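Below is one structure, written out as structure tokens; the observations come after it.
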Amino acid sequence: MPSSVRVRFAPSPTGTLHVGGARTALFNYLFARRSGGTFVLRSEDTDAARSSREFEQAIQADLRWLGLDWDEGPDTGGPYAPYRQTERADRYALAAARLIEIEAVYPCYCTPEELEAERQRQHARGEAPKYSGKCRELSQARRAANEAQGMKPALRFAMPQRDIYVEDLIRGSVHFPPGSIGDFVVLRSDSMPAYNFAVVVDDSDMEISHVIRADEHLPNTPRQVALFEALELSLPMFAHVSMILAPDHQKLSKRHGATSVSEYRDAGYLPEALVNYLALLGWSPGDDREFFTLPELVAAFSLERASKSPAVFDAEKLRWFNAHYLRALPAAERAALFAQWAAHDERLAQLPELRDPIWLETAAQALSDHVHTLSDVPRELASLLSDDLPVPLADDALRSSQAQALLRELGDIAAREPDPEQFAHATSKDALKSLGGKHGLGGRTLFRPIRVAVTGSEHGIELALLLRLLGPQRVARRIAAALHTQSASGQEPSRLP
RNA sequence: GCCCCCAUCGUCUAGAGGCCUAGGAUACCGCCCUUUCAAGGCGGGGACAGGGAUUCGAAUUCCCUUGGGGGUACCA
């Protein structure tokens with residue numbers, strides 16, 4: 001049997017791509033690629049008030065950034081075009097006509113206000129808020145009268161009163177008892193299809209074999225199943241993956257911080273980190289592997305290993321993945337990214353170092369263990385290079401006469417060797433050690449005063465590398481300033497114990 | 001309210017009746033490495049929601065309770 005797997009990701013372009021949507025898209029993509037099937041992108045844009053082409057474009061850009069490409073879609077076209085619901089009105093009209101013909105639907109003249117009032121009443125009485133079905137029994141005369149008045153009815157599906165079973169690949173057989181679902185709208189009064197109807201028509205038209213979507217759609221599925229059956233269409237397989245929750249176990253929303261893919265891109269996350277992290281939310285490979293490229297995910301993926309329980313989005317772990325991928329980047333690639341991010345920062349944009357590829361590669365290498373996201377880059381570079389940032393401390397480390405003598409000599413070297421290469425050579429690790437030997441300093445008593453003098457901080461990257469990145473002029477300036485600050489603080493030089 | 005789903009360390013998860021004194025990752029803590037901070041290595045604390053039932057034996061099967069989430073729209 002030719003396994004023609006066809007799956008779809010069907011976002012509604014009413015916002016940017018959410019991490020939850022990205023994960024759903026990823027699972028669909030992986031399933032399609034794994035099985036040699038087709039990945040379809042469909043735009044569910046029937047909510048005219050909230051949908052826009054801008055969002056549609058933005059979602060596509062985010063998917064591409066993640067590395068997820070689709071075989072058929074609104075932009076690429078395909079044998080089942082169009083892939084935008086607003087362009088498929090004729091398909092819905094056809095299916096609606098069929099439903100009218102078999103009397104599976106009826107016109108409903110209730111206004112939104114009436115429906116809302118009805119829900120209120122049901123709520124007050126402690127009943128399940130579902131449509132009463134009152135328009136179901138309207139006489140032909142009544143309907144004709146309403147039409148004559150110019151009332152535009154919605155088309156409502158008469159939900160069959162029987163058991164419905166949804167066979168779910170992840171959850172097994174799910175049973176919905178008769179009477180638990182009210183009649184729902186299929187075609188709105190403006191002739192736009194409602195979600196449950198459009199989905200069924202499209203999934204059938206596009207010969208979707210597997211519907212892989214988030215758990216929140218499971219309660220909708222019996223409606224869709226009823227529609228499939230009323231239209232005598234063959235059912236796709238369903239797979240409802242667990243939802244992604246915020247740390248407070250609520251639905252992930254803006255108030256929890258970044259939720260959209262573009263926010264993570266703008267915050268300096270790498271797509272491979274986000275993909276890797278998202279893949280492991282609600283799915284596991286079954287072994288202890290944790291790092292996966294997209295092709296490796298394709299090879300490892302299966303729906304059987306998708307988990308049923310909801311997953312909390314852990315921004316810390318995503319950061320950890322990102323730091324890992326940043327460190328693993330080839331040096332030249334990392335340097336280019338660092339330069340790109342540094343260029344956004346006005347403090348850094350003018351610095352000549354940022355146009356020196358060798359310098360950049362050295363800096364990117366030195367800083368790579370200190371950077372979790374690319375947005376850390378400007379801050380790290382600025383604290384390295386900006387002249388107004390680190391104020392040299394009057395520090396214990398600078399108090400000893402040996403340390404001050406050492407710094408004076410290092411300052412002389414910096415003044416004497418204006419050429420960066422020569423200076424780097426003169427301040428290599430070995431050179432520093434022998435310099436320290438001359439002054440009776442070694443280990444921390446050697447490195448700490450230099451570090452404090454040139455950065456104002458006790459912590460940072462390896463010292464020889466630091467001096468090389470700062471260059472002779474800065475080093476000379478900062479040592480002079482540090483010695484000045486130290487003597488101005490009124491502390492007499494003291495001998496080391 | 002009603003319907004549906006879910007339930008292992010704080011978090012992501014492994015675990016398909018004996019391999020579990022419950023494994024890995026993250027986060028946290030300690031040690032090592034080291035000129036410091038990181039990174040890395042090693043180690044530590046930390047979980048089967050509760051109660052019944054089935055079974056020689058249950059994290060694993062069944063039922064109930066509790067808790068969490070979702071749905072109940074002319075949103076998707």
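The shown structure was predicted, so the numbers you read here are calculated from the model rather than taken from an experiment. Below, chain A is the first sequence line, B the second, and so on; all start at residue 1. Below, all heavy atoms of this structure are taken into account, side chains as well, without hydrogens, waters or symmetry copies.
- Counting to the nearest Å, the P atom of rC5(B) and the CZ atom of R213(A) are 15 Å from each other.
- As judged by a 4.0 angstrom heavy-atom cut-off over every strand, T46(A) is placed among residues touching the sugar-phosphate backbone only.
- Summary of the strand contacts: S242(A) and H175(A) both lie near RNA chain B, and taking for each the nucleotide with the nearest heavy atom, the more 5' one is attributed to H175(A).
- Looking at heavy-atom distances under 4.0 Å, Q122(A) makes no contact with the nucleic acid at all.
- The CG atom of L187(A) sits 10.5 Å away from the OG1 atom of T46(A) when rounded to the nearest 0.5 Å.
- On a pure distance criterion of 3.5 Å, a polar donor-acceptor pair joins the side chain of S189(A) and the base of rC74(B).
- Looking at heavy-atom distances under 4.0 Å, Y195(A) makes contact with a base.
- Remark: R305(A) is not positioned above the aromatic ring of F301(A), lacking an NZ or CZ atom under 6.0 angstrom from the ring centre and at most 45 degrees off the axis.
- For the pair G286(A) and E216(A), nearest-nucleotide mapping onto RNA chain B gives the more 5' position to G286(A).
- Considering all non-hydrogen atoms of both residues, S242(A) and S307(A) come closest at OG-O, 3.6 Å.
- T14(A) comes within 4.0 angstrom of nothing in the nucleic acid, heavy atoms only.
- Whole-Å rounding puts the L218(A) CG to rU72(B) P distance at 12 Å.
- Heavy atoms of P310(A) sit under 4.0 angstrom from primed sugar atoms or phosphate atoms, though from no base atom.
- Among the protein residues, I461(A) comes within range of the nucleic acid bases, having at least one heavy atom under 4.0 Å from a base atom.
- The two residues L326(A) and H372(A) have their closest heavy-atom pair at CD2-O, 3.5 Å.
- Look at R156(A) and you'll find a side-chain N or O under 4.0 angstrom from OP1 or OP2 of rC74(B).
- Listed nucleotides rG71(B), rC4(B), rA7(B) differ in distance to R223(A); the shortest reach to its side chain belongs to rG71(B).
- Contacts of G282(A) with the nucleic acid, taken as non-hydrogen atoms under 4.0 Å apart, involve only primed sugar atoms and P, OP1 or OP2.
- Residues R42(A) and P11(A) come closest through the heavy atom pair O-CD, 3.2 Å.
- Side-chain atoms of D288(A) and base atoms of rA25(B) include no donor and acceptor less than 3.5 Å apart.
- Listed nucleotides: rU72(B), rC3(B), rG24(B). Nearest to the side chain of K317(A): rG24(B).
- Atom CZ in R379(A) sits about 13 Å away from atom C1' in rA38(B), given to the nearest Å.
- Taking atom NE2 of residue H459(A) and atom P of nucleotide rA38(B), one finds them 8 Å apart after rounding to whole Å.
- The side chain of V312(A) sits closest to rC12(B) out of rC75(B), rC5(B), rC12(B).
- Nucleotides rU72(B) and rC63(B) are separated by 27 Å at their C1' atoms, to the nearest Å.
- Nearest nucleotide to the W320(A) side chain, out of rA7(B), rG70(B), rA25(B): rA25(B).
- H249(A) comes within contact range of the sugar-phosphate backbone alone, with a heavy-atom separation under 4.0 Å but no base atom that close.
- With both pairing distances under 3.5 Å, rU55(B) is matched to nothing as a Watson-Crick or G-U wobble pair.
- Between the NZ atom of K308(A) and the P atom of rC4(B) there is a distance of 16 Å, given to the nearest Å.
- Distances shown here put a side-chain N or O of R188(A) below 4.0 Å from the OP1 or OP2 atom of rA76(B).
- If you check every strand for non-hydrogen atoms under 4.0 Å, P177(A) touches sugar and phosphate atoms only.
- Taking CD from E296(A) and CZ from F291(A), the interatomic distance works out to 11.0 Å, rounded to the nearest 0.5 Å.
- Atom-to-atom, CG of D314(A) to C1' of rC28(B) comes out at 13 Å; the value is rounded to the nearest Å.
- For rU26(B), the paired nucleotide is rG10(B), the pair qualifying as Watson-Crick or G-U wobble because both relevant distances are below 3.5 Å.
- Taking atom P on both nucleotides, rC28(B) is separated from rC62(B) by 39 Å, rounded to a whole Å.
- Listed candidates were rA38(B), rA14(B), rC74(B). Nearest to the side chain of S284(A) is rA14(B).
- Side-chain atoms of S180(A) lie closest to rC3(B) of the nucleotides rA7(B), rC3(B), rC12(B).
- Taking side-chain N and O atoms only, R171(A) has no distance below 4.0 Å to OP1 or OP2 of rC4(B).
- rA73(B): no Watson-Crick or G-U partner with both key distances under 3.5 Å is found in any strand.
- Note: F313(A) and Y264(A) have tilted aromatic rings, judged against thresholds of 30 and 60 degrees for the angle between ring planes.
- For the P atoms, the distance from rG41(B) to rA76(B) is 50 Å, rounded to whole Å.
- Distance noted for atom P between rA47(B) and rG23(B): 11 Å (whole Å).
- Across rA39(B) and rC48(B), the matching P atoms stand 31 Å from one another, rounded to whole Å.
- If you check rC74(B), rG68(B), rC12(B) against the side chain of L115(A), the one that comes closest is rC74(B).
- Side-chain N/O atoms of S457(A) include none lying less than 4.0 angstrom from OP1 or OP2 on rC37(B).
- In this structure, CD in E272(A) is found 12.5 Å from CZ in F321(A), a value given to the nearest 0.5 Å.
- Considering only side-chain atoms of K251(A), the nucleotide from rC74(B), rA39(B), rG70(B) that sits closest is rG70(B).
- Taking only side-chain atoms of A311(A), from C-beta outward, the nucleotide of rU13(B), rG68(B), rU35(B) with the closest atom is rU13(B).
- Here the CG atom belonging to D45(A) is positioned 7.0 Å from the CE atom belonging to M192(A), to the nearest 0.5 angstrom.
- Within 4.0 Å of R305(A), counting heavy atoms only, lie sugar-phosphate atoms of the nucleic acid but no base atom.
- Of the P atoms belonging to rA14(B) and rG57(B), the separation is 28 Å, rounded to the nearest Å.
- Of the candidates rA27(B), rA76(B), rC37(B), rA76(B) carries the atom nearest the N220(A) side chain, counting heavy atoms from C-beta on.
- R444(A) contributes no side-chain N or O that forms a donor-acceptor pair with the base of rU36(B) under 3.5 Å.
- Between H324(A) atom NE2 and rG40(B) atom P there is a gap of 9 Å when expressed in whole angstrom units.
- As a whole-Å value, the separation of D215(A) CG from rG68(B) P is 17 Å.
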